[in-house]
Amino acid sequence: MLSNNKKLIAVIGATGQQGGGVVRALQASSQFKVRALTRSADKHRDLADEVTEADLNRPKPSPLHSKGHMVYFSSPRLR
């Protein structure tokens, strides 16, 4: 059961190597509620406390505009 007083952290790219590691570390700490943002939310329902579909190539409507997040984590895309 989640505590209502845990701060919410949204992780962009939560299914990637870096974002996935951040999700696992935050969950292991049990200090935060984690919202995973991914293009394929239906495939990853058990990834975090909340899983939200988000495609940054199609920004509207975007969960990035949702209120309640304390922090967003995003890894830069390197080419």
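Just so it is clear, the values below take in all heavy atoms, side chains as well, and ignore hydrogens, waters and symmetry mates.
Shown here for Arg24 and Gln17, the closest heavy-atom pair between the two residues is NH2-O, 4.3 Å.
For the side chain to side chain contact (heavy atoms under 4.5 Å, CB included) test with Thr38, the passing option among Val23, Thr15, Thr52 is Thr15; the others fail. Asp49 pairs in a side chain to side chain contact (heavy atoms under 4.5 Å, CB included) with only one of the listed residues (Arg35, Lys6, Gln27), which is Gln27.
Residues Val34 and Ile9 fail the side-chain proximity criterion, which asks for heavy atoms closer than 4.5 Å.
The CD atom of Gln31 lies 9.0 Å from the CG atom of Leu26; values are rounded to the nearest 0.5 Å. Remark: Lys7 NZ to Lys33 NZ distance equals 14.5 Å, nearest 0.5 Å.
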